[in-house]
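Everything numeric here is computed off the predicted structure, so don't read it as measured data. Any value given below was found using the heavy atoms of this structure, including those in side chains, with hydrogens, waters and symmetry copies removed. Here is the naming used below: chain letters follow the sequence lines, and residue numbers restart at 1 for every chain.
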There are 2 protein chains.
Amino acid sequence: MVAKTRNKRAASPILASVYEATADLHKLGLVDKSTMREFDALCLTPVEPLSPGEIRALREREHVSQPVFAHYLNVRKDAVSKWERGEKKPDGPSLKLLNLVRAKGLLAIA
Amino acid sequence: MVAKTRNKRAASPILASVYEATADLHKLGLVDKSTMREFDALCLTPVEPLSPGEIRALREREHVSQPVFAHYLNVRKDAVSKWERGEKKPDGPSLKLLNLVRAKGLLAIA
DNA sequence: CATTCCTATAGCTCTTGGAGCTACATAATT
DNA sequence: AATTATGTAGCTCCAAGAGCTATAGGAATG
């Protein structure tokens, strides 16, 4: 399927690059097969794991307390505290929100 | 504490209204105490529960498949399927993301 | 000064969402 | 006809997050 995609004549050099990148991501298992068709999914900001220190730095960058930060993410303040102390690791939707804040600021999720 | 806040001379009529609204929300237990100081938290889009039908309608409004929708939210496609069939109920961070999409569209979390 | 709040930790228990998997029917592509 | 994507279904398992109490330190307020 990857090879097939590569061989397909792309509409533009830019699109061709997107195809290449997609194929590579796909090979690495980072992209769902469906994204080979639905290209808007590629415009997503990549979701990376965040260390406790990075989470704390992120929150302090936004100048908010743990309770307020938690309020933005719709989690309990305890959760934020545990993230920053490494007791729990955010993943899935929580990690997505944290990455959104990192990339676009708190206002992006307000 | 609520009365105390009410008695405080507000800087403007608008701010006074905000105080009033905050106090009421606080009385209803909808707002964390911290928000009485951190006002930006009030600018948050309220997070409401979504029914299975509303979730499906939301996804179809954005013209994406379950796998792609899941990709945006950084959850597995199975999760989206279960939400739409009422098998699982999104809450916390997932619900926040869904409300974000509803209020601002998929691009807001891209 | 004393007092009142907010913050941030810490230590618990418990529920359930989401991960991760397989399998299947349908529909759309090619 | 063969391939590919979709949506549903059933299952197990883990850990995130909920929810609670208690504590200590700091900041604001009187």
Contact check, side chains of [X] and [Y], non-hydrogen atoms, under 4.5 Å:
| X | Y | answer |
| --- | --- | --- |
| B:R56 | B:Q66 | yes |
| B:V80 | B:Y72 | no |
| B:W83 | B:L50 | no |

Inset, instruction - Could you check whether A:D78 gets within reach of a base, just the sugar-phosphate, or nothing at all, counting any heavy atom under 4.0 Å? - result: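 Base contact - A:D78 has a heavy atom under 4.0 Å of at least one base atom.
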Nearest whole angstrom, please: distance from the [atom2] of [N] to the [atom1] of [X].
| X | N | atom1 | atom2 | answer |
| --- | --- | --- | --- | --- |
| B:R59 | D:dA5 | CZ | P | 17 Å |
| A:K88 | C:dA8 | NZ | P | 19 Å |
| A:F69 | C:dA8 | CZ | P | 12 Å |
| B:L73 | C:dG18 | CG | P | 10 Å |
| B:D91 | D:dG19 | CG | C1' | 13 Å |
| A:H71 | C:dC6 | NE2 | P | 14 Å |
| B:K77 | D:dA9 | NZ | P | 14 Å |
| A:L95 | D:dA15 | CG | P | 17 Å |

Phosphate OP1/OP2 of [N] contacted by [X] side-chain N/O (<4.0 Å):
| X | N | value |
| --- | --- | --- |
| B:S81 | D:dG7 | no |
| A:Q66 | C:dT9 | yes |
| A:R85 | C:dA8 | no |
| A:S65 | C:dT7 | yes |
| A:R76 | D:dG19 | yes |
| A:W83 | D:dG17 | yes |

Legend entry - A:H63 side chain to A:R61 backbone, donor-acceptor under 3.5 Å: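 Checking the backbone N and O of A:R61 against the side chain of A:H63, a donor-acceptor pair under 3.5 Å is found.
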Legend entry - Upstream residue (5' side of DNA chain D) when B:R56 and B:E87 are each assigned their closest nucleotide: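 Its nearest nucleotide lies further toward 5', so the answer is B:R56.
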Legend entry - DNA chain C: 5'-proximal contact among B:K82 and A:E84 (nearest heavy atom):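 The residue closer to the strand's 5' end, by nearest nucleotide, is A:E84.
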Legend entry - Single hit among B:L73, B:L97, B:N74, B:D91 for side chain to side chain contact (heavy atoms under 4.5 Å, CB included) with A:P93: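 That would be B:L97.
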